[in-house]
There are 2 protein chains.
Amino acid sequence: MPEGLRERTRRAVRAELAAIALDLFAERGFEDTTVEEIARAAGLTKRSFFRYFPAKEDAVFEGIDVTGDQVVRDLLARPADEAPWQSLRAVLSESERQIHASGQAVAGLKLIESTPSLRARVHEKRSRWRQQVSRALRDRPGADLDAFTADLLTNAATAALDTASQAWLRSDGTADRAALLDRAFDLLQPTTA
Amino acid sequence: MPEGLRERTRRAVRAELAAIALDLFAERGFEDTTVEEIARAAGLTKRSFFRYFPAKEDAVFEGIDVTGDQVVRDLLARPADEAPWQSLRAVLSESERQIHASGQAVAGLKLIESTPSLRARVHEKRSRWRQQVSRALRDRPGADLDAFTADLLTNAATAALDTASQAWLRSDGTADRAALLDRAFDLLQPTTA
DNA sequence: AAACTTGTGACACCTGGTGTCATGAAGTAG
DNA sequence: CTACTTCATGACACCAGGTGTCACAAGTTT
């Protein structure tokens with residue numbers, strides 16, 4: 001049972017809905033675009049939009065969403081003897097690279113940065129995966145971390161991420177994202193490990 | 001012209017509105033309490049509630065709000081030769097202490113922690129003062145910081161704050177907040193300064 | 001083809017939030 | 001004390017994001 005027509009159409013509709021939404025947001029701004037307009041532009045009803053996305057904001061994160069599960073999986077795949085900080089660096093560098101690769105995403109990132117409710121959404125998602133990541137750090141074979149240190153490392157990693165992101169935006173997207181992230185991770189390297 | 005009756009009543013109503021709101025939130029939860037209910041419980045209209053608070057969420061932050069201005073002012077008052085990281089530590093320790101002092105605030109903190117939309121609000125406020133703080137760090141007499149480093153220090157400081165807060169909540173509010181914060185700042189001390 | 005499941009439109013409804021207007025009270029002259 | 005201005009309030013209408021419900025039309029299975 002490979003994949004029914006239903007799931008395929010569902011994903012297709014979902015993707016198109018997101019694309020249309022992003023276009024409209026870019027054109028008229030996030031707040032000034034109603035869900036009704038998006039839905040009608042896609043030939044659907046408002047009600048149906050909400051069957052594809054739980055909220056208007058979620059349409060923006062279609063291609064950008066870095067799930068906690070993904071990060072955790074990558075983290076557990078790192079060599080067991082690697083210092084936690086280096087593992088975090090490697091994993092987050094990779095997921096950054098991945099997001100940044102899809103040209104579509106860059107427009108999304110700028111939109112997010114300039115829209116308060118979207119930034120809030122980012123933080124919400126992030127605080128969810130911070131828990132998972134912190135746990136994952138402690139669950140690594142041979143790891144000897146207390147909860148406090150694991151949280152601290154995780155929070156510091158997101159600080160590095162944020163700093164790199166801010167610098168990148170300040171450069172209008174011209175700076176080398178990977179290099180910025182590396183610099184942040186270097187400077188912040190905790191004294192523990 | 002010391003202070004008109006108008007301003008006094010306004011502040012009194014505002015405070016009482018916040019208190020009533022906090023009670024109702026504690027009782028029925030934030031989402032399940034409508035603005036209408038709060039307003040009626042205070043003998044006002046929904047419309048009038050919004051003349052005191054721009055949004056439902058803001059009623060929660062009455063006593064807790066650490067303004068960016070406050071932090072900046074404290075920061076500039078630190079000795080000029082103190083390392084930025086130490087200044088941040090001192091200022092944030094103090095503001096933490098201040099919030100924690102008011103017994104009323106603790107209920108608010110727990111409510112915030114358990115309500116997504118409130119947590120989002122916190123992050124929103126924080127990202128606003130991070131800009132200010134980062135600027136303030138660079139504006140200190142004799143400071144020689146590039147924007148990147150200033151952002152990094154600021155972000156790292158909030159990481160420390162978050163970590164201490166998480167640990168404190170994990171201990172059900174029994175741990176020594178100041179000690180936790182100190183430990184976080186020690187471990188995170190950046191290699192630069 | 002019949003029976004079942006799932007996506008859809010239509011419609012009603014709730015809640016947060018804003019614009020507007022009339023009214024009455026607080027503050028200020030004369 | 002009276003007249004004039006200013007401001008907070010209630011009342012009402014309105015918008016947008018979300019959710020519940022139901023009937024119907026697809027897609028799916030036997």
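A, B, ... follow the sequence lines: proteins, then strands. Residue 1 opens every chain. All heavy atoms count here, side chains included; hydrogens, waters and symmetry mates do not.
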Between D/dG18 and A/R51, counting only base atoms on the nucleotide and side-chain atoms on the residue, is there a donor-acceptor pair under 3.5 Å?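 No, the side chain and the base share no sub-3.5 Å donor-acceptor pair.
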Quickly work out the [X] [atom1] to [N] [atom2] distance and round it to whole Å.
X     : N      : atom1 : atom2 : value
B/E7  : D/dA8  : CD    : P     : 9 Å
A/Y52 : C/dG7  : OH    : P     : 8 Å
A/D58 : D/dG17 : CG    : P     : 13 Å
B/D32 : D/dT19 : CG    : P     : 13 Å
B/R8  : D/dC7  : CZ    : P     : 17 Å

[X]: partners by salt bridge (Lys or Arg N to Asp or Glu O under 4.0 Å), with sequence neighbours left out:
X      : result
B/R73  : none
A/R89  : A/D182, A/D186
A/R135 : A/D139

Using the rule side-chain contact (heavy atoms from CB on, under 4.5 Å), only one of A/R11, A/R14, A/E16 pairs with A/Y52; which is it?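 Single side-chain contact (heavy atoms from CB on, under 4.5 Å) partner of A/Y52 among A/R11, A/R14, A/E16: A/R14.
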For nucleotides 22-25 of chain C, which of its nitrogen or oxygen atoms have a protein nitrogen or oxygen under 3.5 Å away, and what is each distance?
none

Donor-acceptor list for residues 106-113 of chain A side chains, cut-off 3.5 Å, not counting sequence neighbours:
none

Side chain of A/R47: nearest nucleotide among C/dT8, D/dG20, D/dG10?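 When the side chain of A/R47 is considered, D/dG20 is the closest of C/dT8, D/dG20, D/dG10.
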Measure the shortest side-chain to side-chain distance between A/L137 and A/T149 over non-hydrogen atoms and say whether it is less than 4.5 angstrom.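 SC-SC contact between A/L137 and A/T149 ruled out.
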Does B/W85 reach the side chain of B/L188, with side-chain heavy atoms less than 4.5 Å apart?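 Answer yes - side chains close enough.
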Compute the bend angle of the helix from C/dA1-D/dT30 to C/dG30-D/dC1 from the end axes (five pairs per end), rounded to 10°.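 The two end axes of the helix from C/dA1-D/dT30 to C/dG30-D/dC1 meet at 20°.
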Checking B/V72 now: which residues fulfil side-chain contact (heavy atoms from CB on, under 4.5 Å) with it, not counting sequence neighbours?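 Residues passing side-chain contact (heavy atoms from CB on, under 4.5 Å) with B/V72: B/L76, B/Q132, B/A136.
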Begin with the C-alpha distance, continue with both residues' side-chain angles, and end with the deciding distance and a verdict on salt bridge (charged side-chain N to carboxylate O under 4.0 Å, His left out) for A/R128 and A/E124. CA-CA 6 Å; A/R128 220 170 297 143; A/E124 195 189 323; 3.1 Å; yes
Qualifying side chain to side chain donor-acceptor pair (under 3.5 Å) pairs with a residue from residues 32-47 of chain B, counting only residues at least two apart or across chains: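 Non-adjacent pairs meeting side chain to side chain donor-acceptor pair (under 3.5 Å): B/R28-B/E37.
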Would one find more than 12 heavy atoms of other residues, nucleotides or ligands at under 6.0 Å from atom CD of B/E94?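 Buried by this count: over 12 neighbours within 6.0 Å.
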Within the pair A/S48 and C/dG9, is there a side-chain N or O less than 4.0 Å away from OP1 or OP2?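 For C/dG9, OP1/OP2 do have a side-chain N/O of A/S48 under 4.0 Å.
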Would you jot down, in residue-number order, the residues of residues 111-120 of chain A having a non-hydrogen atom under 4.0 Å from DNA chain D?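 Of all residues in residues 111-120 of chain A, none places a heavy atom under 4.0 Å from DNA chain D.
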Just call it for A/F53: base, sugar-phosphate, or nothing, with non-hydrogen atoms closer than 4.0 Å on any strand.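 Result for A/F53 = nothing.
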Verdict with reasoning, B/D151 to A/T163, per side-chain hydrogen bond (donor to acceptor under 3.5 Å, both in side chains): CA-CA 6 Å; B/D151 281 354; A/T163 307; over 6 Å; no
Qualifying ring-ring contact (aromatic ring centres under 6.0 Å, His included) pairs, either residue in residues 119-164 of chain B, two or more places apart: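 ring-ring contact (aromatic ring centres under 6.0 Å, His included) check on residues 119-164 of chain B returns A/H123-B/H123.
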Quick one: which protein N/O atoms are closer than 3.5 Å to N/O atoms of nucleotides 13-17 of chain C? Pair and distance per line, please.
| from | atom 1 | to | atom 2 | distance (Å) |
| --- | --- | --- | --- | --- |
| C/dG16 | OP1 | B/K56 | NZ | 2.9 |
| C/dG16 | OP2 | B/V35 | N | 3.2 |
| C/dG17 | OP2 | B/K56 | N | 2.8 |
| C/dG17 | N7 | B/K46 | NZ | 3.4 |
| C/dG17 | O6 | B/K46 | NZ | 2.8 |

Pairing residues for B/D81 by the side-chain hydrogen bond (donor to acceptor under 3.5 Å, both in side chains) criterion, not counting sequence neighbours: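 Partners of B/D81 by the side-chain hydrogen bond (donor to acceptor under 3.5 Å, both in side chains) criterion come out as none, since no residue qualifies.
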